[in-house]
Amino acid sequence: MTEKILVCTAWPYANGDLHIGHLAGAYLPPDIFARYHRLRGNNVLMVSGSDSHGTPITLKADAEGVSPVEVFERYHLRFLQTFQDIGVTYNLFTHTDTENHAKVAQDIFAACLENGFIYNHTEQQFYSETEGRFLPDRYIEGTCPKCGFDGARGDQCDNCKSLLDPTDLINPRSKNDGSTPVLRETEHFYLDLQKLNEDVLDYLSTGKEHWRPNVINFSLQYAKDGLKGRAITRDIEWGIPLPLSGYEDKRLYVWFEAVIGYFSASVEYAANVGQPELWKEWWYDPAAKTYYFIGKDNIPFHTVIWPAELMATGRRLYETDPNKQLNLPYDVPANEYLNMEGEKLSTSRNWAIWAPDLLERYDPDPIRFYLNAIAPESRDTDFTFEGFIRRNNDELVATWGNLVNRVLGFAYKRYNGKVPEIGPAGLDDADRQIIAEVEAGFQSVGDLLAAVKLKAAQEEAMRLAKAANVYLDGKAPWKAIKDDPVAAGTSVYVALRVIDNLKILFAPFLPHTCQKLHEYLGYDGQLFGRQYVEEFTETERVHKALCYDGSLAVGRWEASQLQPGQSLRKPAPLFKKLEPELAAQEIARLTQG
RNA sequence: GCUGAUGUAGCUCAGUCGGUUAGAGCACGAAACUCAUAAUUUCGGGGUCGGUGGUUCAAGUCCACCCAUCAGCACCA
């Protein structure tokens, strides 16, 4: 049965490059998952995009003296490159500064408003008369009322760590020009989460057995504590305007609007492929499964607030059939955090390994292999270069790469570059056993992948590679060939067929090298589809997005039917060993900044 | 501070409804082998299961408290 799988990933803030923590936590896992489902022949839609709005981007733009557009477009293009280099295969990776996203976000706002889940509230906020605008908390400085520290921010004192309200500050002043802000009344819109509290609790209380413990427990507790209304508008310029006259200076606040990207990107994808209704396959079919891959800091936004937003629309948008309901998240496999060399990643201290930098010096598959091996599925984990090199050399190269190399090399040299024939004696017990064991991997590895246990799935594939090594040592065709080349040929055939199976089992994790192996085995075609960047033109705006075309992909999650006599291509090692000295060099690079 | 998650061999992790001497992979030691990127295979050493109490015939597994790490409670999403 063909399943419909929607794979959503966190929207990276376009104010800096991606680092290994982003990759391991939010981008590689969904790619592995999506590739598996594509091999299964399932109907996969994987979407995300750059988050173009939000304070960090305007802060960076202000600091550089450029426009927010310039900042987010720069990093957006770099994201597109990184995802192509490491092979994160989005069907659509767009951004939130498109006409489509603005329209969808406004329509959702309007629907929530119409359904009575948005209310107004007037409050006092600091306003800069010199700049003619309201100031976000972070733009205000003053003296901390608790410790007397003079550089306290509007939201928090960096000296005594107290959480502050900006009106608490003594002698408040603007961070921009030092002028004294004045309190002024402003009206804001709030999402009425209180009204949705029961519905959210119901949603979280049923059919969540497959959720990771920390995700479901945390979310339930969050909802049980009682939800409060949250402001969803801001007095800023950079963002999506409200679809209401009389509020021209207000923008949708980014937390409300960014999660809508999952929906708007699906809509955009459908339009891009010329089937404007196609997105409904994933959003309105109750059998479709929707997955959200994010970091742990984002859990409540995806398990509570996004479902609440969907509920507030009445779970229906762009659809007239009253029997249809928008799908709420099926699973939110949030990851914990990745540390590095024992310390938390810190972008401000530059304690991070940036993806573009790493991909300049290392191949994508070893990076994928290591980052998946240490993925923070249930707790924080630690990236070390020593670990990277060791796992590359002692596991990836030694067990899997070497198996491929020894079998392909032997077959190519000793059997005239062809897959050897099965001898007249046929397959013996050992032959049948290893084939059956590895073919069982389609079930065991597949079950683990479907359950989003991606580390365990990779380990299971490695276990089967090891079993193949044991088989080979038992048969020792390099010895047997001396007095019975036909029998030895049978073993080589079996080994090649086993590798052909492992090629598919490893493909979600190691797509680039499995493609090479596919070719060495004499096959044509691409296991997966093609990634490309396309420029899309709307009425007034133009944006670049990353796309995926899987129509020509030949990879199938099925047992090998390798034919004797098939011509092999001249093999070469799939992976490189790394010098242990590299670890010290890499750490030296880091500490140099 | 409040809420939640996590804490099992050097590293990454399994440990189902509590039940025989706590498991796996890698690292480490020894042996075999040589087709292969000194890769492979076999065998072995290695843990008072964060701590302290408690329940029980029996606790890594249940309960209480404590400690450590992380996250949320912030106009950061």
Side-chain angles (χ1 to χ4, degrees), chain A residues 10-13 51 53-56 59 125-126 134-140 153-156 162-166 188 212-222 224-225 228 230-231 233-236 253-259 294-302 304-305 334 336-337 339 344 370 373-382 384 386-387 390-391 393-395 397-399 401-411 413-414 453 455-456 459-460 462-463 466 468-481 488 492 495 571-578:
Chain A
W11 289 58
Y13 246 136
D51 190 342
H53 303 130
T55 318
L59 280 172
Q125 283 209 336
F126 277 118
F134 284 94
L135 295 172
D137 287 8
R138 293 198 161 198
Y139 281 74
I140 299 163
R153 294 198 317 248
D155 57 340
Q156 182 178 43
S162 304
L163 303 183
L164 302 175
D165 190 284
H188 280 296
R212 292 181 179 171
N214 64 325
V215 177
I216 187 59
N217 289 335
F218 175 78
S219 304
L220 270 174
Q221 199 53 48
Y222 190 94
K224 279 181 189 164
D225 282 348
K228 290 181 220 117
R230 287 179 71 112
T233 53
R234 287 292 179 276
D235 292 304
I236 51 177
Y253 187 45
V254 65
W255 69 257
F256 176 80
E257 162 256 296
V259 286
I294 57 166
K296 62 177 160 184
D297 53 329
N298 251 321
I299 290 172
F301 287 88
H302 291 79
V304 173
I305 291 176
E336 307 287 309
Y337 281 166
N339 295 326
K344 278 175 84 162
Y370 181 58
I374 62 164
E377 287 181 354
S378 61
R379 69 179 103 167
D380 290 358
T381 56
D382 195 29
T384 64
E386 197 194 332
R390 203 158 64 186
R391 290 192 104 114
N393 291 353
D394 299 334
E395 294 182 33
V397 173
T399 303
N402 183 55
L403 171 69
V404 170
N405 197 229
R406 66 198 294 215
V407 173
L408 282 180
F410 191 76
K413 261 185 292 193
R414 308 301 291 271
K453 294 179 177 173
K455 303 169 80 153
E459 283 167 17
E460 172 69 359
M462 284 300 280
R463 185 184 70 76
K466 186 177 166 101
N469 274 318
V470 173
Y471 164 81
L472 209 58
D473 275 39
K475 287 289 184 180
W478 50 91
K479 259 189 214 164
I481 196 170
V492 173
L574 296 178
F575 308 102
K576 293 193 274 278
K577 286 200 75 164
L578 298 171

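A note on names: the letters A, B, ... follow the listed sequences, proteins ahead of strands, and every chain is numbered from 1.
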Here the pair of heavy atoms bringing A:Tyr337 nearest to A:Pro376 is O-CB, 3.5 Å

- May I ask you to evaluate whether A:Lys577 reaches the phosphate of B:rA38, defined as a side-chain N or O under 4.0 Å from OP1 or OP2? no

Any non-hydrogen side-chain atom of A:Thr381 less than 4.5 Å from a side-chain atom of A:Glu336? no

Between B:rG1 and B:rA24, how far apart are the P atoms? Round to whole Å, please.
41 Å

Considering only atom C1', compute the distance from B:rU16 to B:rA38 and round it to an integer number of Å.
42 Å

Sorted by position of nearest nucleotide on RNA chain B, 5' first, the leading residue of A:Thr399 and A:Arg406 is A:Arg406

(Q) Taking only side-chain N and O atoms of A:Tyr471, does any of them lie within less than 4.0 angstrom of OP1 or OP2 on B:rU41? (A) no

Rounded to the nearest 0.5 angstrom, the NZ-CG distance for A:Lys577 and A:Asp394 is 7.0 Å

Suppose you measure atom C1' in B:rC63 against the same atom in B:rA77; what distance do you get, rounded to whole Å?
38 Å

* Between B:rA59 and B:rU55 - P atom distance, rounded Å -> 11 Å

Quick note, A:Gln221 side chain, CB onward, closest among B:rU41, B:rU34, B:rU3 is B:rU3

- [ ] Look at all strands and tell whether A:Phe301 reaches a base, only sugar-phosphate, or nothing, counting heavy atoms closer than 4.0 Å.
- [x] base

Is any side-chain N or O of A:Asn405 under 3.5 Å from a base N or O of B:rA36, one able to act as donor and the other as acceptor? no

5' to 3', nucleotides 9-17 of chain B under a 4.0 Å protein heavy-atom cut-off (B base, S sugar-phosphate only, - none) gives -B-SS----

Out of B:rU6, B:rA77, B:rA36, minimum distance to the side chain of A:Pro213 belongs to B:rU6

* Expressed in whole Å, how much space separates the P atoms belonging to B:rG54 and B:rC17? -> 26 Å

Residues passing the ring pair (Phe, Tyr, Trp, His ring centres under 6.0 Å) test with A:Phe134, sequence neighbours excluded, are A:Tyr127

Testing B:rA5, B:rA71, B:rA36 for proximity to the side chain of A:Lys344, the answer is B:rA71

Heavy-atom nearest nucleotide on RNA chain B taken for A:Asp394 and for A:Val254; more 5' hit belongs to A:Asp394

Is the phosphate of B:rA77 approached by A:Tyr13 (side-chain N or O, under 4.0 Å from OP1 or OP2)? yes

Using the P atom as the reference point in each nucleotide, state the distance between B:rA39 and B:rC28 in Å, no decimals. 9 Å

Spacing of the P atoms in B:rC13 and B:rC73 (rounded, Å) | 26 Å

If I pick the C1' atom on B:rA74 and the same atom on B:rG53, what distance separates them, to the nearest angstrom? 38 Å

